[in-house]
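Just so you know, these numbers come straight off a predicted model, no measurement behind them. Reckoned from all heavy atoms, side chains included, excluding hydrogens, waters and symmetry mates. Throughout, protein chains are lettered first and strands after them, A, B, ... in sequence-line order, and every chain is numbered starting at 1.
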4 protein chains.
Amino acid sequence: MRSTTVNDAASPFPPPSQPRSRTADAAPGDARPVKMRLLEAAQAVFAAHGYSGANISDIVAQAGTTKPMVYYHFGSKEGLFAAVLEEVYGGMRAYERSVDLTALPAAEAMAALVRVTFDYHAAHPDWIRLISVANIHNARHIAASATIGSRNATVVQVMQRLLERGVADGVFRPGVDPLHLHMLIASFCFYRISNRHTWSVIFDRNLNTAAEARAQLELVTEAVARYLRPD
Amino acid sequence: MRSTTVNDAASPFPPPSQPRSRTADAAPGDARPVKMRLLEAAQAVFAAHGYSGANISDIVAQAGTTKPMVYYHFGSKEGLFAAVLEEVYGGMRAYERSVDLTALPAAEAMAALVRVTFDYHAAHPDWIRLISVANIHNARHIAASATIGSRNATVVQVMQRLLERGVADGVFRPGVDPLHLHMLIASFCFYRISNRHTWSVIFDRNLNTAAEARAQLELVTEAVARYLRPD
Amino acid sequence: MRSTTVNDAASPFPPPSQPRSRTADAAPGDARPVKMRLLEAAQAVFAAHGYSGANISDIVAQAGTTKPMVYYHFGSKEGLFAAVLEEVYGGMRAYERSVDLTALPAAEAMAALVRVTFDYHAAHPDWIRLISVANIHNARHIAASATIGSRNATVVQVMQRLLERGVADGVFRPGVDPLHLHMLIASFCFYRISNRHTWSVIFDRNLNTAAEARAQLELVTEAVARYLRPD
Amino acid sequence: MRSTTVNDAASPFPPPSQPRSRTADAAPGDARPVKMRLLEAAQAVFAAHGYSGANISDIVAQAGTTKPMVYYHFGSKEGLFAAVLEEVYGGMRAYERSVDLTALPAAEAMAALVRVTFDYHAAHPDWIRLISVANIHNARHIAASATIGSRNATVVQVMQRLLERGVADGVFRPGVDPLHLHMLIASFCFYRISNRHTWSVIFDRNLNTAAEARAQLELVTEAVARYLRPD
DNA sequence: AATGAATGAGTTTTCATTCAT
DNA sequence: TATGAATGAAAACTCATTCAT
């Protein structure tokens with residue numbers, strides 16, 4: 001049940017366009033263009049402190065540049081945040097496109113899809129935070145975006161085709177809404193990361209162990225499998 | 001399958017300690033104590049703008065009082081936010097305690113529990129936002145709280161007893177972790193509200209209709225039912 | 001021809017609400033309220049550098065207070081400028097009201113009015129600059145003002161009554177528009193101050209001497225007298 | 001009384017070196033040299049916002065070029081403003097030189113000179129604003145100019161010769177200072193434009209109509225005529 | 001419990017100017 | 001001539017917090 005074509009080696013996704021070691025301030029001789037460095041620094045700072053809590057000074061310090069560059073390249077703090085979100089969604093979309101489940105039988109493909117979603121969220125806590133931040137601000141920063149939006153829903157298409165195949169193969173029951181099923185999976189994968197801090201306080205249990213992660217993945221995989229299983 | 005003893009009248013939960021008509025600024029002659037008015041205003045403003053985005057001036061204006069009152073009653077902005085979060089969790093806990101599922105057969109009780117959780121989240125979007133905000137700040141505002149924390153997990157106990165009863169009655173399969181199952185339910189109920197803004201942008205579908213809500217409730221109810229059903 | 005009831009001692013008008021020695025920064029122990037000190041400092045700085053050229057830091061330094069006080073008391077830089085202009089026009093209006101020409105024969109009263117206008121402008125170069133600044137910005141800062149505007153035109157009423165009296169006495173010819181005549185006088189009195197810097201450069205003549213002032217006053221007085229003289 | 005050789009066709013002066021249709025940004029393929037385009041854009045922007053309120057970005061955008069061009073051609077913002085003022089005074093001087101009053105009898109020539117001055121100011125509100133701006137900054141931008149200054153006073157010479165001729169012809173009284181008389185005329189013509197915004201607010205009367213302009217021109221013409229008339 | 005005024009440090013943003021090409 | 005990107009300094013404005021009353 002574990003053989004998939006996708007990224008079989010557990011979960012260490014190489015964060016697509018994420019810095020390799022940009023925890024400290026950018027080295028003076030950083031070759032990459034200022035705009036990119038700003039985007040990366042901004043991603044980290046917005047994720048760490050929220051939209052209003054992030055401050056431009058921190059971002060530019062971390063990017064090894066100066067404040068006016070933010071305004072030159074992005075127009076405003078809001079523009080910078082919007083650009084960060086575009087990057088986040090761009091990374092997701094690229095990732096979703098790279099998933100190829102066609103070689104697997106439907107049931108196994110679904111398990112693989114769940115796992116891939118699970119791992120992706122686990123590997124990108126900053127992106128989860130950024131999306132939370134965007135939602136707190138009613139997603140107004142992405143509303144205007146041309147690149148994010150409507151047709152981005154690659155997953156839903158993948159899901160739909162997979163469901164159809166499973167139904168055709170007699171391994172899934174019919175009548176399941178692909179978007180809703182994606183929501184069931186995504187919500188679990190997102191929430192366990194996004195809300196882990198409050199959960200850690202409220203429930204007396206360390207939920208951040210590898211064992212927990214494994215058990216949680218199994219739960220959602222199993223729930224999806226059973227939800228789809230024909231009666 | 002829809003008859004429960006709990007809150008059968010659909011879902012319009014009266015927000016426990018939420019203002020009755022506090023959309024505009026507090027009327028000058030508002031009788032309720034300043035501390036309460038501040039708490040309510042703060043809840044609204046923090047929910048609307050995040051922790052750093054909220055500002056004391058707005059809060060006191062909305063509460064119909066003055067800034068020093070915040071420091072008199074709560075010591076600091078952080079203290080005020082912590083107090084708001086205590087209120088949120090206090091309201092939740094109170095609500096969970098009020099749920100009585102003992103009169104129902106296990107399977108129906110579980111459906112009722114799902115529904116109740118679903119409705120509670122739907123009815124309290126501000127609280128969802130506040131919890132998101134708390135998580136973005138690593139829940140450091142509630143970590144110190146004495147009243148929030150550890151033993152608050154009423155739901156988990158309820159869930160555990162319900163699972164045991166269902167297993168005893170032969171309607172649930174054994175071996176299900178109550179905390180994980182609660183996470184499956186809560187994540188869906190939370191996420192569909194918390195992330196609805198980004199979803200509206202990304203997926204070309206209005207997810208905020210009553211029909212959608214019904215379909216989504218059915219999905220999660222069904223998923224839980226099938227997950228628990230003995231093979 | 002020189003006997004008037006108004007301020008016979010040449011021209012040293014005590015600037016009504018202007019500081020006596022506020023050239024340097026406000027002394028720390030300045031008793032007057034911050035708002036007033038700000039207004040005075042702002043008047044000086046706006047007059048000296050124009051609206052955009054003036055900067056809040058200079059103003060607050062000169063007023064012996066801090067930047068937020070500007071925003072607390074006036075809302076914005078624009079609000080401060082508007083308040084300064086209200087003061088300017090308030091001072092003018094107060095001054096105009098104080099002029100009493102009823103005791104003089106019409107022709108002498110007119111000469112007195114001209115002289116008073118001449119002297120007032122000469123004594124308040126800052127106000128002239130402020131009005132120039134206001135006009136460069138299309139007077140949008142005073143457009144909204146309730147206190148400036150319409151009925152402020154005390155001079156015009158004074159002028160009108162004086163013209164009527166002169167006509168009745170047979171010393172003025174009829175049919176003269178009081179507003180236009182006021183414009184003729186005011187324009188000369190204003191312009192000789194407002195444009196003295198460019199004139200000094202363009203015309204090879206020192207126009208800032210006492211003798212010049214005397215000659216100019218005589219010119220405008222004479223021009224008005226001859227303009228009104230019956231044929 | 002209205003027949004003059006100068007510009008009899010009412011008043012629409014073609015603004016000498018003013019753009020033909022430069023209301024919007026310069027078209028990409030604008031053939032005229034960058035320096036000229038900059039000068040025109042700067043004239044408009046400085047007139048609209050004052051010296052400090054004008055910003056280089058706006059100017060270069062409107063001129064369809066880039067910031068370094070300003071520094072290449074004019075050295076600094078101050079240099080650009082100085083160049084604009086030179087243009088303004090250059091335009092005036094050129095205009096004054098073009099006025100030929102020799103063919104008219106002295107009294108009519110004087111009326112023509114008044115009218116020409118009146119019309120010129122009315123046709124160039126931007127230049128009036130620029131001169132106001134220069135004065136607010138104590139004319140320091142033109143002080144250093146070689147081309148502006150001292151001997152530019154063509155008008156005064158014209159005036160002087162005209163006065164002499166009138167005296168000789170017995171139609172003007174002697175002893176009138178040409179510079180002062182020019183000041184009387186210029187102040188009125190300048191002020192009615194420069195201060196029209198504040199006047200519109202203060203006096204409850206629309207002073208920008210054609211009828212008003214006619215009446216005002218008549219006023220100043222008449223005042224000058226009566227001022228010069230031998231007793 | 002309440003207020004009006006004040007403060008200090010920090011926020012986002014702007015702007016004239018210049019560099020490398 | 002021309003440009004895209006960058007810079008340093010300072011601009012306006014904000015905000016949590018506190019004082020005197």
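- A:Arg129 places a side-chain heavy atom less than 4.5 Å from the side chain of B:Asn138.
- A heavy-atom distance below 4.5 Å is found between the side chains of B:Glu78 and B:Arg140.
- The cationic group of B:Lys35 lies under 6.0 Å from the six-membered ring centre of B:Phe74 and within 45° of the ring axis, placing it in a cation-pi geometry.
- In this structure, D:Lys77 fails the cation-pi test against D:Tyr71, since its NZ or CZ atom is not both closer than 6.0 Å to the six-membered ring centre and inside 45 degrees of the ring normal.
- Within the 4.5 Å cutoff, side-chain heavy atoms of C:Thr66 are placed close to those of C:Met69.
- Contact record, A:His49 with B:His137: O-CE1, 3.6 Å, taken as the closest heavy-atom pair.
- Straight-line distance from the CE atom of A:Met69 to the C1' atom of E:dC15: 12 Å, rounded to whole Å.
- Distance C:Tyr72 OH to E:dT7 C1': 13 Å, rounded to the nearest Å.
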Please enumerate all protein N or O atoms sitting under 3.5 Å from an N or O of nucleotides 8-11 of chain E, with distances to 0.1 Å.
{"unit_1": "E:dT11", "atom_1": "OP1", "unit_2": "A:Asn55", "atom_2": "ND2", "d": "3.2"}

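- Phosphate contact (OP1/OP2 of E:dT7, side-chain N/O of C:Thr65, threshold under 4.0 Å): present.
- Bracketed by its first and final contacts, the part of DNA chain F lying under 4.0 Å from non-hydrogen atoms of chain C reaches from F:dA11 to F:dC15 in 5' to 3' order.
- Of all heavy-atom pairs spanning B:Val133 and B:Gly50, the tightest one is CG2-CA, 3.8 Å.
- Only the C1' atoms considered, E:dA1 is 13 Å distant from F:dT21, to the nearest whole Å.
- The two atoms that bring D:Asp126 and D:Ala44 nearest to each other are OD2-CA, 4.1 Å, heavy atoms only.
- Nearest heavy-atom pair across C:Leu130 and C:Ala47 is CD2-N, 3.6 Å.
- Going from atom OH of D:Tyr51 over to atom CD1 of D:Ile136 covers 14.0 Å, rounded to the nearest 0.5 Å.
- When base pairs are accepted only as Watson-Crick or G-U wobble with both N-N or N-O distances under 3.5 Å, DNA chain E takes part in stems of 3 or more pairs at E:2-21 with F:2-21.
- B:Val34 pairs in a side chain to side chain contact (heavy atoms under 4.5 Å, CB included) with only one of the listed residues (B:Leu39, B:Thr65, B:Val60), which is B:Thr65.
- OP1 or OP2 of E:dT13 sits under 4.0 Å from a side-chain N or O of A:Tyr71.
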